[in-house]
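Data first, discussion second: the structure below is written as structure tokens.
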Amino acid sequence: ALRTARIIRQASNALSEAHQNGILHRSIKPANIYLTVSEVGTELVKVSDFVVANGAKRNNLDNAKYLSPEQLEGKMPNFASDIYSMAVVAYQMLIGKMPFDFATADQLLKAQRAGFTALPSKIRADISPAVDDIFIKALAYDSTERYPKARDFGDALFHALSESHEVHEEIETVNAESNA
């Protein structure tokens, strides 16, 4: 969870920098997020392969599963579209599966319209319900209900997962001490 928090925070910060310069990514997915190591041995995240696209619906399910509802509907993407895609990647990293069940792009769009319900705290006991609220906002069907900046999403997820991890460690320590 903490590694996911660090990676998504860095990727979200990079995405925010692009957005501040008026650049949309349009294709956030795991293959476009690279992990490297700095000269001092710290993990660095790079976002690459920015796409120049017209917003047309894509039929390739491997790519479509990371797209926002507006992109699946063939509408022009916006900054909130990139944030949505980043949230899908974050959810997949954290939970190990996609936030929606689907077999086709049309089923995915229908699931997105119905709303996000696969709450992380119900799947992993070490995750706080505060993380659920972050994903509910980031994966909102209506793009105006999502985070205004990618950095806001990354920071919120980082803080919630960090706090969740600290609480979980404290509970484990208390349990270990009472069993001793």
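Residue numbers count from 1 along this sequence.
The backbone N or O of Ala103 lies less than 3.5 Å from a partner atom in the side chain of Gln107, making a donor-acceptor pair. When atom types are taken as modelled, the side chain of Arg146 and the backbone of Ala140 share a donor-acceptor pair closer than 3.5 angstrom. In terms of modelled atom types and a separation under 3.5 Å, the side chain of Asp155 and the main chain of Arg9 share no donor-acceptor contact. Of the possible donor and acceptor atoms, none in the side chain of Ser12 sits under 3.5 Å from a partner among the backbone N and O of Arg151. A donor-acceptor distance shorter than 3.5 angstrom exists from the side chain of Gln10 to the backbone of Val45, with no hydrogens or angles considered. Of the possible polar contacts, one joining the Ser162 side chain to the Phe158 backbone as a donor-acceptor pair under 3.5 Å is found.
Scanning all heavy atoms of the two residues, the minimum distance from Asn32 to Ser27 falls at ND2-O, 2.7 Å. In plain terms, the two heavy atoms of Pro99 and Val88 that are nearest each other are CD-CG1, 4.0 Å. Across all their heavy atoms, Ala105 and Ala64 have their closest contact at CB-CB, 4.4 Å. Nearest heavy atom pair, residue Ser38 against residue Leu44, reads CB-CD1, 3.6 Å. For Pro120 against Ile127, the heavy-atom pair with the smallest separation is CB-CG2, 4.0 Å.
Side chain to side chain, Thr144 and Asp142 meet the donor-acceptor criterion of an N or O pair below 3.5 Å. Tyr66 and Gln92 form a side-chain donor-acceptor contact under 3.5 Å, judged by distance and modelled atom types alone. Side-chain polar atoms of Tyr84 and Glu70 form no donor-acceptor pair below 3.5 angstrom. With no hydrogens or angles considered, a side-chain donor-acceptor pair links Asp132 and Ser121 at under 3.5 Å.
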Exercise. Between Glu17 and Asn13, does a side-chain contact (heavy atoms from CB on, under 4.5 Å) hold up when you go through it step by step?
Worked result: CA-CA 6 Å; Glu17 287 295 321; Asn13 285 342; 5.9 Å; no

*After noting the C-alpha distance and the side-chain angles of Leu61 and Thr104, does the key distance pass the side-chain contact (heavy atoms from CB on, under 4.5 Å) rule?*
CA-CA 7 Å; Leu61 192 57; Thr104 66; 5.6 Å; no

Next item on the list: Decide side-chain contact (heavy atoms from CB on, under 4.5 Å) for Met86 and His25; before the verdict, give the C-alpha distance in whole Å, the side-chain angles of both, and the deciding distance to 0.1 Å.
Entry: CA-CA 10 Å; Met86 184 67 72; His25 190 286; over 6 Å; no

Note to self: Under the criterion side-chain contact (heavy atoms from CB on, under 4.5 Å), I'd like the reasoning laid out for Val131 against Arg124: C-alpha separation, chi angles, the key distance, then a yes or no.
What the structure shows: CA-CA 11 Å; Val131 174; Arg124 285 186 55 177; over 6 Å; no

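Within the 4.5 Å cutoff, the side chain of Ile136 has heavy atoms near those of the Asp133 side chain. Looking at heavy atoms from C-beta onward, Pro148 lies in side-chain contact with Asp152 at the 4.5 angstrom threshold. Between Asp49 and Tyr34 the shortest side-chain heavy-atom distance falls below 4.5 Å. Counting heavy atoms from C-beta on, the side chains of Leu161 and Leu94 come closer than 4.5 Å.
For the atom pair CD1 of Ile95 and CD1 of Ile123, the computed distance is 5.0 Å after rounding to the nearest 0.5 Å. We find the CZ-CG distance between Arg113 and Leu108 to be 10.5 Å, quoted to the nearest 0.5 Å. Taking CD from Gln112 and CG from Leu67, the interatomic distance works out to 8.5 Å, rounded to the nearest 0.5 Å. Note: Thr42 OG1 to Arg6 CZ = 10.5 Å, rounded to the nearest 0.5 Å. Atom CG of Leu139 is separated from atom CD1 of Ile83 by 11.5 Å, given to the nearest 0.5 angstrom. From Ile28, atom CD1 reaches atom CD1 of Ile33 across 5.5 Å, with rounding to the nearest 0.5 Å.
The only member of Tyr147, Phe100, Tyr91 that meets ring pair (Phe, Tyr, Trp, His ring centres under 6.0 Å) when paired with Phe135 is Tyr91.
Between Asp82 and Arg26 there is no salt bridge, since none of the side-chain N atoms of the basic residue sits less than 4.0 Å from a carboxylate O of the acidic one.
Within a 6.0 Å radius of NZ in Lys65, other residues, nucleotides and ligands contribute more than 12 heavy atoms.
Cluster membership check: Leu157 does not share its hydrophobic cluster with Phe79, using side-chain heavy-atom separations under 4.5 Å among Ile, Leu, Val, Met, Phe, Trp and Tyr. In terms of hydrophobic clustering, with Ile, Leu, Val, Met, Phe, Trp and Tyr side chains grouped at heavy-atom distances under 4.5 Å, Leu119 and Met93 are assigned to a common cluster. With hydrophobic clusters built from ILVMFWY side chains whose heavy atoms lie under 4.5 angstrom apart, Leu35 shares a cluster with Ile8. Hydrophobic clustering (side-chain heavy atoms under 4.5 Å, transitive across Ile, Leu, Val, Met, Phe, Trp, Tyr) groups Ile23 together with Leu15. Tracing side-chain contacts under 4.5 Å through hydrophobic residues (I, L, V, M, F, W, Y), one reaches Ile7 starting from Ile134; they form part of the same cluster.
For Phe116 and Tyr141, the ring centers sit 6.0 Å or farther from each other.
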